[in-house]
Amino acid sequence: MIAARLRARLAEQKARLEALRPLPPASVRCLHQQLALEWTYNSNAIEGSTLTLRETQLILETGLTIGGKSLREHFEVINHRAAIEYVQVAVRISGTEYEPPQAWEVPRLMNEWSEWLQDEVRVR
């Protein structure tokens with residue numbers, strides 16, 4: 001159960017982020033890079049990697065190998081990034097020009113659709 005104080009803090013932070021939407025593309029790229037870095041570092045640390053956050057960042061951004069670290073640890077970083085990139089691929093429907101909405105737009109669009117549906121039911 002999330003404590004009330006934490007829930008309020010999360011709601012406040014979410015509201016601040018929502019007020020900034022739509023975010024500039026450069027900001028979205030920066031956030032994605034930071035998320036991928038921290039996700040990769042933490043995931044690998046849980047599995048026993050001895051790489052630091054900074055070493056993980058150097059591998060991701062420059063491709064450098066870190067002295068004293070195993071090749072396995074380097075490949076875990078590279079492969080984790082590849083897995084993240086695979087998961088983030090935008091949905092496409094072959095044979096059509098239609099482009100589905102971005103994931104963050106879905107809650108708003110679902111709310112709009114629900115409101116429209118309720119209005120349609122009331123009219124009939």
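Keep in mind the model is a prediction, meaning the values are calculated, not measured.
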Engineer: Look at the side-chain heavy atoms of Ile, Leu, Val, Met, Phe, Trp and Tyr, link any pair under 4.5 Å apart, and say whether Ile66 and Ile78 land in one connected group.
Structural biologist: yes

Engineer: Evaluate Leu37 against Gln34 for side chain to side chain contact (heavy atoms under 4.5 Å, CB included), listing each step before the verdict.
Structural biologist: CA-CA 5 Å; Leu37 167 63; Gln34 188 65 30; 4.3 Å; yes

Engineer: Who passes salt bridge (charged side-chain N to carboxylate O under 4.0 Å, His left out) against Glu112, sequence neighbours left out?
Structural biologist: Arg108

Engineer: About how many Å separate CG of Leu117 and CE of Met110, when rounded to the nearest 0.5 Å?
Structural biologist: 10.0 Å

Engineer: Could you give the distance from OG (Ser49) to CD (Glu55), rounded to the nearest 0.5 Å?
Structural biologist: 8.5 Å

Engineer: To the closest 0.5 Å, what do you measure between CH2 (Trp104) and CG (Leu23)?
Structural biologist: 8.5 Å

Engineer: Output yes when a side-chain donor or acceptor of Glu73 lies under 3.5 Å from a complementary backbone atom of Thr50, and no otherwise.
Structural biologist: yes

Engineer: Is any side-chain N of the basic residue among Arg72 and Glu76 closer than 4.0 Å to the acidic one's carboxylate O?
Structural biologist: yes

Engineer: Please find the pair of heavy atoms, one from Glu99 and one from Gln102, that lie closest to each other, and give the distance.
Structural biologist: OE2-NE2, 4.4 Å

Engineer: For the CG atom of Leu10 and the CG atom of Leu6, what is their distance to the nearest 0.5 Å?
Structural biologist: 4.5 Å

Engineer: Spell out, as yes or no, whether a donor-acceptor pair under 3.5 Å connects the side chain of Thr40 to the backbone of Ala36.
Structural biologist: yes

Engineer: If you round to the nearest 0.5 Å, how far is CD1 of Ile84 from NE2 of His32?
Structural biologist: 7.0 Å

Engineer: Kindly determine whether Arg54 and Leu58 satisfy side chain to side chain contact (heavy atoms under 4.5 Å, CB included), including the steps that lead there.
Structural biologist: CA-CA 6 Å; Arg54 179 68 178 140; Leu58 286 170; 3.7 Å; yes

Engineer: Check whether Lys69 reaches the backbone of His74 with its side chain - one donor and one acceptor, N or O, closer than 3.5 Å.
Structural biologist: no

Engineer: For residues Arg122 and Asp119, report the shortest heavy-atom separation together with the two atoms involved.
Structural biologist: NH1-OD1, 2.8 Å

Engineer: Taking all non-hydrogen atoms of both residues into account, name the closest pair between Tyr41 and Leu53 and its distance.
Structural biologist: CE1-N, 3.3 Å

Engineer: For the pair Ile59 and Leu51, evaluate side chain to side chain contact (heavy atoms under 4.5 Å, CB included) and give the outcome as yes or no after the intermediate values.
Structural biologist: CA-CA 10 Å; Ile59 294 168; Leu51 292 167; 3.8 Å; yes

Engineer: Check the surroundings of atom OH in Tyr86: do more than 12 heavy atoms from other residues, nucleotides or ligands lie under 6.0 Å from it?
Structural biologist: no

Engineer: Using a strict 4.0 Å threshold on nitrogen-to-oxygen distance, state whether Glu18 and Arg21 make a salt bridge.
Structural biologist: yes

Engineer: Check the hydrophobic clustering (I, L, V, M, F, W, Y; side-chain heavy atoms under 4.5 Å; chains of links allowed) and say if Val28 and Leu17 are grouped together.
Structural biologist: yes

Engineer: Group every Ile, Leu, Val, Met, Phe, Trp and Tyr by side-chain heavy-atom contacts under 4.5 Å, then state whether Leu31 and Leu20 land in the same group.
Structural biologist: yes

